[in-house]
Asker: 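Below you will find the structure I want to go over with you.
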Amino acid sequence: MPYQPNKIEPKWQKIWAKNNYKSWHTKDKPNKKHIYILDMFPYPSGEGLHVGHIEGYTASDILSRYYRMKGFQVLHPMGWDAFGLPAENYAIKTKKNPKEVVAKNIKNFRKQLQGVGFSYDWQREINTTDPNYYKWTQWIFLQLYKKGLAYEEEVPVNWCPSCKTVLADEEVVDGKCDRCGSVVKRKKLRQWVLKITAMADRLLKDLDLLDWPARVKTMQKNWIGRSEGVEVEFKVAGQNDYINVFTTRVDTIFGVTYLVLAPEHPLAKKILQENYQEDAIEYIEKALQKSDFERQFSVKEKTGVFTGAYAINPANRERIPIWISDYVLISYGTGAVMGVPAHDERDLEFAEKFHLTIKEVISSDGKVINSGPFDGLPYKKAQEKIALYVGGKKVVRYKLRDWIFSRQRYWGEPIPIIKCEKCGLVPLRESQLPLKLPEIKKYEPTGKNESPLADISSWVNVKCPKCKGPAKREVNTMPQWAGSSWYYLRYLDPKNKKKLIDLKKEKAWMPVNIYIGGVEHAVLHLLYARFWHKFLYDIGVVSTLEPFSRLINQGIILGEDGEKMSKSRGNVISPDTVIKKYGADSLRMYEMFMGPLSFSKPWNTKGVIGIYRFLSRVWSLIAENNDKLKENDALKMTVEAKRKIKENIQGLEKIRHKTIKKVTEDIENLRFNTAISALMEYLNELYQIPLDKVNKKHKETLVLLLFPFAPHLAEELWQTALKHRKSVEFEKWPVFKNELLEEKFYTLVVQVNSKVRDKIKAKKGINEAEAKKLAKDSSQVKKYLSKQKIKKVVFVKDRIINFVT
RNA sequence: GCCCAGGUGGCGGAAUUGGUAUACGCAAAGGACUUAAAAUCCUUGGCUUUUCGAAGCUUGUGGGUUCGAGUCCCACCCUGGGCACCA
């Protein structure tokens with residue numbers, strides 16, 4: 001019988017289901033070595049799993065199965081991140097209920113994941129849209145509110161005209177909506193905001209504790225954007241106003257020749273002098289209409305307008321003009337900048353365009369000049385002294401903005417706040433959670449800066465819990481990132497009705513040891529989750545500073561044309577089709593064999609066939625009777641051939657240990673591609689001798705090593721062909737003996753003038769003299785050495801000998 | 001513009017960290033089995049020259065260090081990713 005994955009795989013999946021996936025269940029409190037291996041949970045879209053999901057999930061499944069065989073308790077859960085726009089938009093399009101759409105998609109996703117043979121602890125499955133889950137998302141919000149970390153404020157926001165909702169800064173990429181690609185508009189709206197900036201310093205510092213890809217750390221660092229500087233006040237000449245300026249280079253303050261205000265700056269209009277009013281106000285109005293996208297990307301030349309007003313430089317009492325320009329951002333620093341054209345590129349550009357004075361205050365060797373009492377000091381040293389001299393205040397500024405947290409959409413967690421005209425904002429009591437999302441007929445976003453919930457008067461209008469007077473619920477919902485900011489905790493205690501998580505369980509399992517997922521969440525999910533985790537730490541819900549110790553980003557799988565997979569290109573590979581044709585084991589293994597996990601690599605269907613052939617050969621070796629081979633070999637075998645086989649059989653034990661070592665080390669270092677090639681080499685070696693002469697030990701080793709990669713085939717071979725009564729799950733991972741790996745001989749490479757001239761089999765550990773003798777006996781080497789005088793011999797033990805002439 | 005990562009056969013990629021470059025797989029060529037095809041199995045294996053013994057060249061390009069460089073150093077070119085008026 002040939003290898004038939006379509007029979008084997010459903011058979012085992014049924015058995016696993018029938019046992020309720022019990023062997024993958026984990027105890028709440030591990031009593032031995034344990035490891036938490038986590039996947040980024042999927043958004044259950046209508047399209048189902050794609051090959052990219054499978055890449056990361058296979059990697060984590062291999063690790064999970066491996067560590068179980070190593071005797072670890074492995075926590076490997078799965079769930080659904082199901083709130084958010086795609087489900088809602090799809091529901092609107094097809095006139096269905098998002099809840100039903102999500103339920104259907106989840107069912108499909110679960111079935112697909114089980115069809116690939118992933119060993120999740122399904123007892124712990126979670127769903128962010130389940131009221132029993134989002135009760136705790138709302139609970140966290142209430143705690144944030146109580147601690148003053150959630151507040152409502154009128155703020156300039158990013159508005160996506162197509163999704164008809166506000167977006168967080170992190171959701172805007174190149175001025176466009178991360179979801180739909182529409183150009184984002186600026187609006188001022190009253191919104192819920194989370195004070196992530198309160199954690200900026202800790203979010204930055206604690207990156208040092210993490211074993212994460214350097215580029216993800218860098219991205220977070222850049223996003224947080226810490227800079228130390230000084231705030232200095234400039235008096236407006238002839239007025240009682242002061243302009244506060246933030247600078248990181250206070251040492252250049254003697255070089256300030258003008259000030260610039262952002263158009264939004266509160267003093268911009270106030271200080272305008274006669275004759276300058278008209279132009280300046282026109283400039284300000286124009287700038288305010290422009291989106292940030294326009295201000296940053298389409299403007300090539302600096303623009304600006306003079307206010308007619310002057311300020312006094314506190315360093316040297318000089319009168320300097322005050323300008324307004326949109327190159328100064330209101331959202332960073334103080335919204336006002338001191339212009340030092342001699343030492344800042346942007347200021348130089350501005351000064352040149354408007355013919356402003358350029359005054360050098362730092363010499364080319366880094367010393368302060370033209371700065372009165374500070375001349376001659378190295379600029380670094382001067383900073384502190386000059387700051388003191390001008391009355392500057394040391395401050396730390398961040399690029400990071402607070403997290404705009406409300407969305408004008410239906411499909412999200414309701415914000416548990418009531419608005420009373422008398423009492424103001426009144427949070428729900430914890431006992432009133434979950435505040436359930438009401439059933440509703442129309443989900444379309446209203447576009448009126450409110451979610452469609454606003455139209456359900458029976459839900460919106462409530463009595464104020466404090467004064468019992470008429471009040472209204474907050475109608476906006478939370479962003480998609482809310483539920484995913486803490487889900488990894490709920491897996492540990494998914495059914496707890498009293499608490500978000502039992503602290504003992506948290507202590508037992510956290511932090512996540514290995515977290516695998518795409519790099520696209522570098523500054524979204526991963527930053528938000530770290531923020532919430534730190535908050536939960538502060539209020540005593542968790543005991544760990546950071547949620548994810550080690551992060552691994554899998555690369556993108558490209559289409560066969562080397563381009564990104566997309567429906568419009570028609571190069572999308574469907575995992576279902578591949579499974580149907582070659583089986584889930586081949587799919588899993590191929591995706592691991594393509595190359596290093598973190599690389600982006602193109603799909604190649606022919607490569608799947610290669611893996612399929614390999615698995616078929618494993619099958620033939622172990623499950624089939626190779627009568628044909630037996631006959632052929634037995635009859636024709638010469639004495640020489642028999643001797644060779646015997647030698648091979650002896651050599652195989654060494655190869656077995658070598659393979660165990662290689663596969664073990666490669667799995668632990670997530671080098672699955674080379675682990676698989678080691679398995680292939682092992683199988684190729686076994687095929688060097690008649691198959692009926694292959695010892696059972698080799699077959700068993702092969703199956704055990706193969707199990708994490710191809711669990712269905714391994715299970716079938718283990719129980720059916722090799723006649724074991726228990727699952728491979730319960731077997732121990734094979735061990736290798738280092739002493740068996742030691743070779744007696746090695747290939748001595750003989751070089752003449754660094755060119756390889758011969759390779760000689762030599763005993764390990766021989767010294768230079770012995771090696772020299774061996775090498776000189778070689779006719780090949782003699783040829784090259786006959787006339788030359790040897791000037792030098794380089795000998796590396798157990799490796800090479802090099803004659804230099 | 002700035003900051004990372006990376007350039008190895010026709011392709012995906014290996015290479016014990018300075019010591020046999022191209023493991024493993026795909027594709028290709030030749031052969032066996034077959035009426036035939038598919039499947040399977042065996043053999044070949046970078047490029048150039050060749051008297052078939054072999055000789056020379058080869059890890060993006062050009063230099064350097066070294067007995068020896070894919071690996072280390074310098075300069076440049078290209079690809080991918082991130083940041084982008086953050087004062």
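Chain letters run A, B, ... following the sequence lines, proteins first and then strands; every chain starts at 1. Atoms considered below: every heavy atom in the structure, side chains included; atoms not considered: hydrogens, waters and symmetry mates.
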Asker: Quick one: sort the A/Y3 and A/Y612 rings into parallel, tilted or perpendicular, breaks at 30° and 60°.
Answerer: tilted

Asker: For A/F745, does the six-membered ring have the charged nitrogen or CZ of A/K761 within the cation-pi criterion, i.e. under 6.0 angstrom from the centroid and within 45° of the normal?
Answerer: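 Relative to the ring axis of A/F745, which defines the angle, A/K761 lies inside both limits.
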
Asker: Could you tell me whether A/K394 and A/E384 make a salt bridge, using a distance below 4.0 angstrom between a side-chain N and a carboxylate O?
Answerer: yes

Asker: Could you work out which one of B/rC24, B/rG13, B/rG82 sits closest to the side chain of A/M219?
Answerer: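 Closest nucleotide among those given: B/rG82.
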
Asker: What are the two closest non-hydrogen atoms of A/V694 and A/L621, and how far apart are they?
Answerer: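 Closest pair (atom of A/V694, atom of A/L621, distance): CG2-CD1, 3.9 Å.
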
Asker: Can you give me the dot-bracket string for RNA chain B, 5' to 3', counting Watson-Crick and G-U wobble pairs with both distances under 3.5 Å, using [ ] for crossing pairs and | for partners on another strand?
Answerer: (((((((..(((......[....))).(((((.......))))).((((....))))..(((((..]....))))))))))))....

Asker: Considering only atom C1', compute the distance from B/rC73 to B/rC24 and round it to an integer number of Å.
Answerer: 33 Å

Asker: For A/Q751, answer base if it contacts any base atom (sugar-phosphate contacts may also be present), sugar-phosphate if it contacts only those atoms, and nothing otherwise; contact means non-hydrogen atoms under 4.0 Å.
Answerer: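 Answer is base: heavy atoms of A/Q751 come under 4.0 Å of a base.
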
Asker: Between N or O atoms, less than 3.5 Å apart, protein on one side and nucleotides 36-44 of chain B on the other: list the pairs.
Answerer:
| from | atom 1 | to | atom 2 | distance (Å) |
| --- | --- | --- | --- | --- |
| B/rC41 | OP1 | A/R617 | NH1 | 3.3 |

Asker: So, does the side chain of A/K302 form a donor-acceptor pair with the base of B/rC85 at under 3.5 Å?
Answerer: yes

Asker: Whole angstroms only, please: what is the NZ-C1' distance between A/K606 and B/rA28?
Answerer: 11 Å

Asker: Can you tell me if A/K759 touches the phosphate of B/rU20, counting only side-chain N or O atoms and a distance under 4.0 Å to OP1 or OP2?
Answerer: no

Asker: Between B/rA39 and B/rA23, how far apart are the two C1' atoms, rounded to whole Å?
Answerer: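 To the nearest whole Å, 27 Å.
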
Asker: Return the 5'-most residue of the pair A/V804, A/N684 with respect to RNA chain B, ranking by each residue's nearest nucleotide.
Answerer: A/N684

Asker: A/R215 near the nucleic acid: base, sugar-phosphate alone, or nothing, with a heavy-atom cut-off under 4.0 Å?
Answerer: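 Touches sugar-phosphate only.
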
Asker: Can you tell me, in whole Å, how much space there is between the C1' of B/rG6 and that of B/rG60?
Answerer: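 One C1' to the other, the span is 11 Å.
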
Asker: Rounded to whole Å, please give me the gap between CZ in A/R671 and P in B/rA23.
Answerer: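 Rounding to the nearest Å, CZ of A/R671 and P of B/rA23 are 19 Å apart.
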
Asker: Assess whether a salt bridge exists between A/D201 and A/R226, defined as any Lys/Arg side-chain N lying under 4.0 Å from an Asp/Glu carboxylate O.
Answerer: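 Looking at A/D201 and A/R226, the cut-off is met.
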
Asker: Looking only at heavy atoms, which two atoms of A/V250 and A/M338 are closest? And how far apart?
Answerer: CA-CE, 4.5 Å

Asker: Indicate, with a heavy-atom threshold strictly under 4.0 Å, whether A/K399 touches base, sugar-phosphate, or nothing.
Answerer: base

Asker: Does a side-chain N or O from A/K564 land closer than 4.0 Å to OP1 or OP2 of B/rG81, or not?
Answerer: no

Asker: Quantified in whole Å, what is the C1' atom distance between nucleotide B/rA32 and nucleotide B/rA38?
Answerer: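 Pairwise C1' distance, B/rA32 against B/rA38, rounds to 16 Å.
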
Asker: So A/R757, base contact, sugar-phosphate only, or nothing? Heavy-atom distance under 4.0 Å.
Answerer: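 Sugar-phosphate contact only - A/R757 comes under 4.0 Å of backbone atoms but never of a base.
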
Asker: Let me know, please, whether A/T747 or A/G607 comes out on the 5' side of the other along RNA chain B by nearest nucleotide.
Answerer: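 It is A/T747, whose closest nucleotide lies nearer the 5' terminus.
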
Asker: So that I can tick it off, tell me whether A/E231 and A/R397 are bridged by a salt bridge, with the cut-off set at under 4.0 angstrom between side-chain N and carboxylate O.
Answerer: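 Judged by the 4.0 Å cut-off on N to carboxylate O distance, A/R397 and A/E231 do form a salt bridge.
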
Asker: Does any donor-acceptor pair link the side chain of A/N802 with the base of B/rC67 at a separation under 3.5 Å?
Answerer: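 Such a pair is found, so the answer is yes.
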
Asker: At under 4.0 Å between heavy atoms, what does A/F614 touch on the DNA or RNA strands: base, sugar-phosphate, or nothing?
Answerer: nothing

Asker: Using whole Å, report how far CG of A/D666 lies from P of B/rA15.
Answerer: 8 Å

Asker: NA contact type, A/K791, heavy-atom cut-off 4.0 Å: base, sugar-phosphate, or nothing?
Answerer: nothing

Asker: Is A/P596 touching bases, backbone alone, or none of the nucleic acid, heavy atoms closer than 4.0 Å?
Answerer: sugar-phosphate

Asker: At under 4.0 Å between heavy atoms, what does A/T248 touch on the DNA or RNA strands: base, sugar-phosphate, or nothing?
Answerer: sugar-phosphate

Asker: Which one, B/rA87, B/rC57, B/rA23, comes nearest to the side chain of A/K755?
Answerer: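 Comparing B/rA87, B/rC57, B/rA23 against the side chain of A/K755, the answer is B/rC57.
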
Asker: Would you indicate which nucleotide in B/rC85, B/rA14, B/rU20 comes nearest to any side-chain atom of A/D326?
Answerer: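 Shortest atom-to-atom distance from the side chain points to B/rC85.
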
Asker: Determine the contact category for A/S227: base if any of its heavy atoms lies under 4.0 Å from a base atom, sugar-phosphate if only primed atoms, P, OP1 or OP2 are that close, otherwise nothing.
Answerer: sugar-phosphate

Asker: Tell me the interatomic distance from A/N604, atom CG, to B/rC24, atom P, rounded to whole angstroms.
Answerer: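 About 18 Å, once rounded to whole Å.
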
Asker: Determine: side-chain N/O of A/Y332 to OP1/OP2 of B/rA87, distance under 4.0 Å, yes or no.
Answerer: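 Result: yes.
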
Asker: Looking only at side-chain N and O atoms, does A/N673 come under 4.0 Å of OP1 or OP2 in B/rC24?
Answerer: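 No, because none of the side-chain N or O atoms of A/N673 sits under 4.0 Å from OP1 or OP2 of B/rC24.
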
Asker: With respect to the side chain of A/S754, which nucleotide from B/rA87, B/rC67, B/rG19 is positioned closest?
Answerer: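 Nearest to the side-chain atoms of A/S754, counting from C-beta on, is B/rC67.
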
Asker: Indicate, with yes or no, if the rings of A/Y242 and A/F234 have centres closer together than 6.0 Å.
Answerer: no

Asker: Taking NZ, NE, NH1 and NH2 as the nitrogens, is one of them in A/K654 or A/E685 under 4.0 Å from a carboxylate oxygen of the other?
Answerer: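 Answer for the salt bridge query: no.
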
Asker: Expressed as a whole number of Å, how far does the C1' atom of B/rU8 sit from that of B/rC57?
Answerer: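 Here B/rU8 and B/rC57 have their C1' atoms 16 Å from each other.
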
Asker: Looking only at the aromatic ring of each residue, does the gap between the centers of A/F354 and A/Y258 stay below 6.0 angstrom?
Answerer: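 No: the rings miss the under 6.0 Å criterion.
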
Asker: On the ring face of A/Y746, is A/R799 found with NZ or CZ under 6.0 Å from the centre and within 45° of the axis?
Answerer: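 No, cation not above the ring by the 6.0 Å, 45° rule.
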
Asker: If you only use heavy atoms from C-beta on, which nucleotide in B/rC85, B/rA87, B/rG13 is closest to the side chain of A/K601?
Answerer: B/rG13

Asker: Please determine which of A/F672, A/F614, A/W603 meets the ring pair (Phe, Tyr, Trp, His ring centres under 6.0 Å) test together with A/Y590.
Answerer: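 Going through A/F672, A/F614, A/W603 one by one, the ring pair (Phe, Tyr, Trp, His ring centres under 6.0 Å) with A/Y590 is satisfied by A/W603 alone.
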
